[in-house]
Each structure stands twice: as structure tokens, then as C-alpha cells.
Amino acid sequence: MNLGRLNHIGIATPSIETSIALYRDLLGATRVHAPFDLPAQGVRVCFIDTPNTQIELIEPLSDESPIAGFIAKNPAGGQHHICFEVPDIHVAIAELGAKGARVLGEPRIGAHGTLIVFVHPKDMGGTLVELMETPREGH
Ligand SMILES: CC[C@H](C(=O)O)C(=O)SCCNC(=O)CCNC(=O)[C@H](O)C(C)(C)COP(=O)(O)OP(=O)(O)OC[C@H]1O[C@@H](n2cnc3c(N)ncnc32)[C@H](O)[C@@H]1OP(=O)(O)O
Ligand SMILES: [Co+2]
């Protein structure tokens, strides 16, 4: 598996609008994309561009959201996951499994429209890691 670029840092929040204001007004973020719902993943998402990666703000869409538990434990939100690009998600899954790491669920389409999976935080030193298949040119 070739670990690629840091595609985004996932920040869980109880309110995407509140978090947008923080990044825009406190940190001077200038490229804030329009928020959108990702019902299949149980989250509302907003990408904020930085020069070398993105911030991915994620807000639970319901109590069944995979991040509802995180927000219950961290009511103000906080850093949730980091996402790296990989050339081939299936190769990554096979190699991680062969090394005994738990890959959570089946690959599914993420917020950037390519296949993603998550590695259990307990197998990555306490950090929830998302792997995302590198977008093809022009996508
Ligand atoms: C997909 C759209 C978008 C994209 O980029 O394309 C996204 O990234 S959306 C992101 C939201 N989706 C996910 O996070 C899916 C993967 N996550 C999961 O399956 C769960 O969140 C899971 C399994 C990591 C945790 O589930 P849950 O919170 O229900 O379980 P526990 O509370 O029992 O937690 C178990 C254990 O893990 C620790 N934990 C939980 N979340 C995190 C985290 N974000 N970072 C680090 N550690 C985490 C939790 O503290 C528990 O540890 P323990 O020592 O047992 O208390
Ligand atoms: Co993500």
C-alpha cells in the first residue's frame, strides 16, 4: 500500500454553520464550499480549502449517525479523523487485513465521490484513519 497525500482532516461539530464562522472569521478561511448532506454516511459535510489539504466539517444527520456517539462524548465537537489517499482501496484493505488491522465495513463512496474505508482507531494508536481512493484526474 502506498500512503498518499493527506486529503482532509475530519472535524466533527454539532453545528456546521458555527464551525464555518470560526474558520472564516477567526482563522481567515477564504474558500468555504457549500455544505451538503450525505445521508448514506449519516452526516452533513462542508469542505474548507487550505493550501495543502482540506478541513472536512461533519455534523450528524441523526442519532444514528456514526459520529453521534463522538458528539455525545464531545459536545463541542473536535478532531474526528484524518484521511489519506491511496492508489487502490482494495489493495489497501487486503494489506491492512493481512496485517491484522480492522477495516470498518465495506468500501463505499465518500464525500469526494471515490471509494473510502476506515481503519479502527484501536488499530491506529487511537486515531481514526480514513483511506480514500485517489480521485482520477479531472474529477
Ligand atoms: C464518509 C463521508 C466522509 C468522507 O470523508 O467521505 C466522512 O469522513 S464521514 C465520517 C463519519 N463516518 C465514520 O466515522 C465511519 C467510521 N466510524 C465508525 O465506524 C465509528 O465511529 C467507530 C467504530 C470508529 C466508533 O464507533 P462508536 O463511536 O459508536 O463506538 P465507541 O464509542 O464504542 O468507540 C469505540 C472506541 O473507539 C474510540 N473512538 C470512537 N471514535 C473515535 C475517533 N473519531 N477517534 C479516535 N477514537 C475513537 C472510542 O473512544 C472507543 O474507545 P474506548 O477506549 O473503548 O472508549
Ligand atoms: Co472524511
Side-chain angles (χ1 to χ4, degrees):
M1 179 173 92
N2 297 324
L3 189 61
R5 69 182 282 268
L6 176 68
N7 181 274
H8 62 267
I9 297 169
I11 304 288
T13 175
S15 161
I16 267 184
E17 295 309 325
T18 303
S19 296
I20 286 172
L22 283 178
Y23 281 86
R24 185 189 57 227
D25 305 338
L26 210 56
L27 297 185
T30 54
R31 294 176 53 140
V32 180
H33 296 257
F36 60 96
D37 288 353
L38 209 52
Q41 306 302 335
V43 291
R44 184 166 175 73
V45 182
C46 173
F47 283 109
I48 297 174
D49 292 348
T50 75
N52 53 359
T53 187
Q54 287 184 309
I55 297 296
E56 178 188 75
L57 299 175
I58 46 176
E59 179 185 329
L61 281 175
S62 74
D63 291 344
E64 283 68 54
S65 170
I67 67 166
F70 184 91
I71 292 290
K73 288 182 185 172
N74 309 275
Q79 185 169 319
H80 182 262
H81 64 276
I82 54 177
C83 179
F84 295 100
E85 293 179 11
V86 293
D88 184 319
I89 202 85
H90 298 290
V91 168
I93 291 170
E95 291 191 11
L96 286 162
K99 293 171 185 169
R102 284 163 288 181
V103 172
L104 298 165
E106 291 300 315
R108 60 249 195 219
I109 298 297
H112 279 304
T114 67
L115 287 174
I116 64 162
V117 287
F118 290 84
V119 183
H120 199 289
K122 293 295 181 197
D123 297 328
M124 269 304 305
T127 297
L128 180 60
V129 171
E130 175 183 350
L131 299 177
M132 172 188 137
E133 202 159 68
T134 306
R136 303 278 177 256
E137 281 306 308
H139 284 75

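Computed from heavy atoms alone, side chains included, the values below leave out hydrogens, waters and symmetry copies.
- Counting heavy atoms from C-beta outward, L57 and Y23 have side chains that approach closer than 4.5 Å.
- Counting all heavy atoms, side chain and backbone alike, P35 lies closest to I20 at CG-CD1, 3.9 Å.
- Residue-environment remark: CG (N2) stays at or below the threshold of 12 foreign heavy atoms within 6.0 Å.
- Going from atom CD1 of I89 over to atom OG1 of T114 covers 7.0 Å, rounded to the nearest 0.5 Å.
- Using a 4.5 Å cut-off between side-chain heavy atoms of Ile, Leu, Val, Met, Phe, Trp and Tyr, with links allowed through other members, V103 and F118 fall into different hydrophobic clusters.
- Both L96 and L3 are members of a single hydrophobic cluster when ILVMFWY side chains are connected at heavy-atom separations under 4.5 Å.
- I93 is connected to V119 through a chain of hydrophobic side-chain contacts under 4.5 Å among Ile, Leu, Val, Met, Phe, Trp and Tyr, so both are in one cluster.
- Here the side chains of L104 and L128 are in contact, with some heavy-atom distance below 4.5 Å.
- In terms of hydrophobic clustering, with Ile, Leu, Val, Met, Phe, Trp and Tyr side chains grouped at heavy-atom distances under 4.5 Å, V86 and I9 are assigned to a common cluster.
- Residues L38 and R44 have side chains not in contact (no heavy-atom distance under 4.5 Å, counting atoms from C-beta outward).
- Atoms CZ and CG, on R5 and N52 in that order, are 8.0 Å from each other to the nearest 0.5 Å.
- Atom-to-atom distance recorded for R102:CZ and M124:CE is 12.5 Å, nearest 0.5 angstrom.
- Atom CD1 of residue I11 and atom CD of residue E59 lie 14.0 Å apart, to the nearest 0.5 angstrom.
- What you find for E106 and V117 is that their closest heavy atoms are C-CG1, 4.2 Å.
- Residues P87 and E133 approach most closely at O-CG, 3.5 Å, considering heavy atoms.
- Residues I82 and V129 meet the side-chain proximity criterion, which asks for heavy atoms closer than 4.5 Å.
- The hydrophobic cluster containing V43 does not contain V32, counting ILVMFWY residues as joined when their side-chain heavy atoms lie under 4.5 angstrom apart, directly or transitively.
- Rounded to the nearest 0.5 angstrom, I67 CD1 and T13 OG1 are separated by 8.5 Å.
- Within the 4.5 Å cutoff, the side chain of S65 has no heavy atoms near those of the I58 side chain.
- Residues L115 and I109 are in side-chain contact: their nearest non-hydrogen atoms beyond the backbone lie under 4.5 Å apart.
- Here the side chains of I55 and T50 are in contact, with some heavy-atom distance below 4.5 Å.
- Residues T53 and N7 approach most closely at OG1-O, 2.9 Å, considering heavy atoms.
- Sorted by first then second residue, the side chain to side chain donor-acceptor pair (under 3.5 Å) pairs that include residues 86-95, not counting sequence neighbours, number zero.
- Here the closest heavy-atom approach between residue G77 and residue I71 is recorded as CA-CD1, 4.0 Å.
- In this structure, L6 and F84 have side chains that are in contact, with non-hydrogen atoms separated by less than 4.5 Å.
- P66 and G42 make their closest contact through CD-CA, 4.3 Å (heavy atoms, listed as atom of the first residue, atom of the second, distance).
- The only option from H80, H112, H33, H81 that meets the side-chain hydrogen bond (donor to acceptor under 3.5 Å, both in side chains) definition with E56 turns out to be H81.
- Of the inter-residue distances, the one linking K122 atom NZ with T127 atom OG1 reads 11.0 Å to the nearest 0.5 angstrom.
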